[in-house]
Amino acid sequence: MELVAGDVRDVLVIIGTGDHGAFADRDRFHAHLSLGGGMDPTWLDMFSEAARGAADGDGPMDLLDARTELDGPAADDDAGLIIERVDPGWITAVARIPDSAVDALTGRWIDRIEEELGALPSEEKPWIRELAERIVRFCRTADRAPDVIFVWSLR
């Protein structure tokens, strides 16, 4: 799973060629955030819910509702990739989360994950806090990009 900010055509070319390292090119892409394969998109919905709670209800909609699937050569059933455009409103709402709210957001996010999946090992919790910070930083940079693309795999 990854989020990429830049022109959608450039993102699709890179996905099609499989050269994901090219997403680091800041002349072509505003921002890139690899989320790894250890989570699924529902974690970002729980992040959104936690962000709304940390901001007293004013925050991003669920990512599920902020995504629109794209068609393209890289988005075929054989590859198992889902390629979606993220609504700019979601990016802006996350970008506006103040640094002072990230601790509360993280606590709420961990609570939501544990409600869904069961207790997390204590060594996972610092990683989730770091991820929350990285998502907010990504959105602050991506807020100026023409497109934000969410890429994930069913496999």
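What you are looking at is a predicted structure, and each value in this text was computed from that prediction instead of being measured.
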*Pairing residues for E130 by the side chain to side chain contact (heavy atoms under 4.5 Å, CB included) criterion, not counting sequence neighbours*: R134
*Determine whether I128 and I113 make a side-chain contact, defined as any pair of heavy atoms from C-beta on separated by less than 4.5 Å.*
yes
*Evaluate the side-chain proximity of L35 to W43: yes if any heavy-atom separation is below 4.5 Å, no if none is.*
no
*Rounded to the nearest 0.5 Å, what's the gap from CD1 on I149 to CG on L12? Could you check?*
6.5 Å
*Check the pair L44, W152 against side-chain contact (heavy atoms from CB on, under 4.5 Å), reporting the backbone distance first and the verdict last.*
CA-CA 12 Å; L44 293 175; W152 57 285; over 6 Å; no
*Hey, could you give me the CG/OG1 distance between L131 and T106, rounded to the nearest 0.5 Å?*
9.0 Å
*asked:* To the closest 0.5 Å, what do you measure between CZ (R137) and CG (L33)?
replied: 9.0 Å
_Under a 4.0 Å threshold between the charged nitrogen and the carboxylate oxygen, would R52 count as salt-bridged to D62?_
yes
*Output all residues satisfying salt bridge (charged side-chain N to carboxylate O under 4.0 Å, His left out) with E115, sequence neighbours left out; order by chain, then residue number.*
R112
*Of all pairs that satisfy ring pair (Phe, Tyr, Trp, His ring centres under 6.0 Å), the ones with a partner from residues 120-141, not counting sequence neighbours*: none
*Flag the pair H30 / P146 as yes when at least one side-chain heavy-atom distance between them is below 4.5 Å, and no otherwise.*
yes
*What residues form a salt bridge (charged side-chain N to carboxylate O under 4.0 Å, His left out) with E114, not counting sequence neighbours?*
K125
*Name all residues meeting the side chain to side chain contact (heavy atoms under 4.5 Å, CB included) criterion together with A93; count only those two or more places apart in sequence or in a different chain, and write none if there are none.*
P60
*Report the C-alpha distance between F150 and R85 in whole Å, list the side-chain angles of each, state the deciding distance to 0.1 Å, and finish with yes or no for side-chain contact (heavy atoms from CB on, under 4.5 Å).*
CA-CA 6 Å; F150 180 51; R85 177 178 274 125; over 6 Å; no
*Taking side chain to side chain contact (heavy atoms under 4.5 Å, CB included) as the test, write out the residues that go with R144, two or more places apart.*
T141
*Going only through I, L, V, M, F, W and Y residues with side-chain contacts under 4.5 Å, is there a path from V13 to L70?*
no
*If you look at every heavy atom in G6 and A145, which pair is closest and at what distance?*
N-CB, 3.9 Å
*Can you tell me which residue pairs pass the side-chain hydrogen bond (donor to acceptor under 3.5 Å, both in side chains) test with a partner in residues 3-13, sequence neighbours excluded?*
D7-R9
*Taking only residues at least two apart or on different chains, which pairs with a member in residues 89-123 satisfy ring pair (Phe, Tyr, Trp, His ring centres under 6.0 Å)?*
F47-W109
*Roughly how far apart are I110 CD1 and L120 CG, rounded to 0.5 Å?*
7.0 Å
*Single-linkage hydrophobic cluster L63~L117, side-chain heavy atoms < 4.5 angstrom*: yes
*Check the pair V86 / L3 against side-chain contact (heavy atoms from CB on, under 4.5 Å), numbers first and verdict last.*
CA-CA 9 Å; V86 179; L3 288 162; 4.1 Å; yes
*List for me each residue that meets salt bridge (charged side-chain N to carboxylate O under 4.0 Å, His left out) alongside R67, sequence neighbours excluded, and say none if there are none.*
E84
*So, the side chain of D87 versus the backbone of A66: is there a donor-acceptor pair under 3.5 Å, distance only?*
no
*Which pair of heavy atoms, one from D147 and one from V8, lies closest together, and at what distance?*
OD2-N, 3.0 Å
*Under the side chain to side chain contact (heavy atoms under 4.5 Å, CB included) rule, collect the residues that match up with D99, sequence neighbours excluded.*
R140
*asked:* Could you work out, with ring pair (Phe, Tyr, Trp, His ring centres under 6.0 Å) as the rule, every residue matching H32, not counting sequence neighbours?
replied: F23
*Please examine the side chains of P41 and M1, heavy atoms only from C-beta on, and report whether any two atoms are closer than 4.5 Å.*
yes
_Assess the residue pair I83 and I15 against the criterion (side-chain contact (heavy atoms from CB on, under 4.5 Å)); give the C-alpha distance rounded to whole Å, side-chain angles, the decisive distance to 0.1 Å, and a yes or no._
CA-CA 9 Å; I83 303 170; I15 293 169; 4.0 Å; yes
*When rounded to the nearest 0.5 angstrom, what is the spacing between SG in C139 and CD1 in I91?*
4.0 Å
*Can you list every pair that meets side-chain hydrogen bond (donor to acceptor under 3.5 Å, both in side chains) and has a residue in residues 13-24, with sequence neighbours left out?*
E2-H20
*asked:* Using a 6.0 Å cut-off, check whether atom CZ of R96 has over 12 heavy atoms from anything other than its own residue.
replied: no
*asked:* Measuring from atom CG of L105 to atom CZ of R129, what distance do you get when rounded to the nearest 0.5 angstrom?
replied: 9.5 Å
